[in-house]
Amino acid sequence: MNWKLRCMVIDDEPLAVELMESYVRKTPFLELVGSCGSGTAAFTALRRQPVDLLFCDIQMPGLSGMELSRMLPAQTRVIFTTAFPQYAVEGFRVQAMDYLLKPISYNDFLTAANKALAWFDLKRRAEQSLHSGAESPAGASGLSAAAETESGGNASQSVGTAAPAGAAGAAGESPAVQGGGQEGAQGSGQRATQGTGPAGRFGDDLRQSLFVKTEYRLQQIPLERILYIEGLKDYVKIHVEGEAHPVVSLLSLKSLEEQLPADRFIRVHRSYIVQPSKIHTIERNRIRFDRERIPISENYRQPFYDFLARHALLPGGIPGKE
């Protein structure tokens, strides 16, 4: 074999990173591209330099490994490395190649790496057959199906959507993702009832919902179910009522804010937009949604309380600064 799988290690524990790097270096068919100490740093790095395979921790501050995996291009696969077995089922739902529990031995690491190698080998053979015409369509489909069986994931989709490394910009993102960001920049200042911007609402009929791109699909989210939106550099986490995990999308908080109806949502911090009608309590300039608490920054405090007063959500008047 004259090719190697390009790998990245992601973990917020330096010792874990060091161990996994040593495993990658001693495995002949793996090439270490780099390592990151957080999901956020990995997301930025992958936009510059996509890889084939991630060895990724799950519990990390900011952007978790599970959330990061939902933002990857189809041709990048993940082997989760974690100390928490309860994430196993969710890991396979996002088509993880394997799931390694810490402490990880080299034998376990090599077994998972070999599984990834077999999947990528079948994928390459299927692509070569399609390009060369040496195989019939049925034969090529059989190779794709074999790759899917080997990994437990959707190999045929990966073959169909794969792009050359670096061809799609942000971690191999599809043109639809890139286009959404450009539309957001061009549509600055438009409100939810106009245009299509990155939130993807089209006309009055869908005014009560927004569409965001996540996990390579457009997901519709009813506005009435949004609790709050968290901005983290180039992406947002939309926290939805009744959902255990937020919807993660490659989108700036500012561009999304411009698409939301101003009579329902308001910014309370440089990193947070809330829907006041969903607030449980406000205490010491912190907003509580069930168990989650987010801060109200000083710059947004007065506009926020003014909003509550204007919409009859604060009949007792505006409190003074604490």
Side-chain angles (χ1 to χ4, degrees), residues 12-13 37-41 43-44 57-68 70-71 84 86-87 90 184 191-192 198-199 208-210 212 214 219 221-322:
D12 60 341
E13 298 178 4
S38 69
T40 304
F43 176 76
T44 301
D57 189 19
I58 292 180
Q59 280 201 341
M60 294 183 290
L63 189 68
S64 72
M66 203 67 69
E67 291 167 342
L68 175 65
R70 295 188 177 101
M71 304 170 69
F84 302 96
Q86 65 265 31
Y87 292 111
E90 188 176 0
R191 303 311 300 171
Q208 298 305 312
S209 300
L210 63 86
V212 295
T214 180
Q219 179 170 338
I221 305 174
L223 295 182
E224 64 181 11
R225 294 185 58 204
I226 296 176
L227 299 174
Y228 65 97
I229 303 165
E230 181 179 1
L232 294 166
K233 199 173 181 180
D234 296 323
Y235 56 90
V236 296
K237 295 162 74 171
I238 303 173
H239 297 260
V240 182
E241 192 173 33
E243 298 292 338
H245 303 284
V247 177
V248 181
S249 182
L250 181 63
L251 184 67
S252 74
L253 188 65
K254 183 178 186 300
S255 62
L256 183 55
E257 180 183 20
E258 291 165 353
Q259 304 303 314
L260 293 169
D263 62 339
R264 297 183 64 172
F265 294 86
I266 186 169
R267 199 162 186 160
V268 297
H269 188 278
R270 64 189 300 270
S271 300
Y272 294 100
I273 295 171
V274 304
Q275 181 162 205
S277 63
K278 296 293 183 178
I279 293 174
H280 188 277
T281 58
I282 303 172
E283 182 180 2
R284 299 182 182 276
N285 291 314
R286 287 189 174 272
I287 297 170
R288 182 160 74 90
F289 296 93
D290 195 14
R291 297 179 181 179
E292 301 295 325
R293 289 175 171 80
I294 63 174
I296 307 171
S297 69
E298 185 174 353
N299 289 340
Y300 293 93
R301 192 172 303 162
Q302 196 62 40
F304 170 63
Y305 286 123
D306 288 343
F307 178 98
L308 297 184
R310 284 197 311 272
H311 293 83
L313 296 173
L314 193 65
I318 303 172
K321 295 183 179 179
E322 296 183 16

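Small disclaimer: the values here were computed from a predicted structure and weren't measured. By convention here, the first residue in the shown sequence is residue 1.
- Counting only N and O atoms by type, the side chains of Arg225 and Gln275 include no donor and acceptor under 3.5 Å apart.
- The two atoms that bring Ile296 and Arg301 nearest to each other are O-NH2, 3.5 Å, heavy atoms only.
- Under the 4.5 Å side-chain criterion, counting only non-hydrogen atoms from C-beta, Leu260 is in contact with Leu223.
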Side chain to side chain contact (heavy atoms under 4.5 Å, CB included) between Ile266 and Leu308: does it pass, once the steps are laid out? CA-CA 10 Å; Ile266 186 169; Leu308 297 184; over 6 Å; no
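- Between Ser249 and Val236, the closest side-chain pair of non-hydrogen atoms falls below 4.5 Å.
- Atom-to-atom distance recorded for Arg293:CZ and Glu283:CD is 7.0 Å, nearest 0.5 angstrom.
- Of all non-hydrogen atoms in Asp263 and Phe307, the two that sit nearest each other are O-CZ, 3.6 Å.
- Residue pairs meeting the salt bridge (Lys or Arg N to Asp or Glu O under 4.0 Å) criterion with at least one partner in residues 271-282, sequence neighbours excluded, are Glu241-Lys278.
- Residues Phe43 and Leu250 are in side-chain contact: their nearest non-hydrogen atoms beyond the backbone lie under 4.5 Å apart.
- In this structure the side chain of Ile58 never reaches within 4.5 angstrom of the side chain of Phe84, judged on heavy atoms.
- His311 NE2: more than 12 foreign heavy atoms inside a 6.0 Å radius.
- Separating the CZ atom in Phe304 from the CG atom in Asn299 is a distance of 15.0 Å, to the nearest 0.5 Å.
- Once rounded to the nearest 0.5 Å, the distance linking OG of Ser277 with CG of Leu227 reads 9.5 Å.
- Between Pro295 and Tyr272, the closest side-chain pair of non-hydrogen atoms falls below 4.5 Å.
- Of the charged side-chain nitrogens involved, none lies within less than 4.0 Å of a carboxylate oxygen, so that Glu292 and Arg288 do not count as a salt-bridged pair.
- Here the closest heavy-atom approach between residue Ala41 and residue Ser38 is recorded as N-OG, 3.1 Å.
- Of all heavy-atom pairs between Met60 and Gly65, the closest is CE-N, 3.7 Å.
- Tyr228 is not listed as a side-chain neighbour of Ile238, based on a closest heavy-atom distance of 4.5 Å or more.
- Looking at Arg267, its side chain does come within 3.5 Å of a backbone N or O of Arg270 through a donor-acceptor pair.
- Of the candidates Leu68, Leu63, Leu253, Leu251, Leu63 is the only one forming a side chain to side chain contact (heavy atoms under 4.5 Å, CB included) with Tyr235.
- Under the 4.5 Å side-chain criterion, counting only non-hydrogen atoms from C-beta, Val268 is not in contact with Ile273.
- Across every non-hydrogen atom of Ser209 and Pro222, the tightest pair is OG-CA, 3.9 Å.
- Side-chain atoms of Glu67 never come within 3.5 Å of backbone atoms of Lys237 as a donor-acceptor pair (strictly under, hydrogens ignored).
- Rounding to the nearest 0.5 angstrom, the gap separating the CD atom in Glu230 from the OG atom in Ser271 is 7.5 Å.
- Distance check: Ile287 CD1 to Ile282 CD1 gives 5.5 Å after rounding to the nearest 0.5 Å.
- Contact check for Gln208 versus Arg264: side-chain heavy atoms found under the 4.5 Å cut-off.
- Taking each heavy atom of Pro61 and Asp12 in turn, the nearest pair found is CD-OD2, 3.5 Å.
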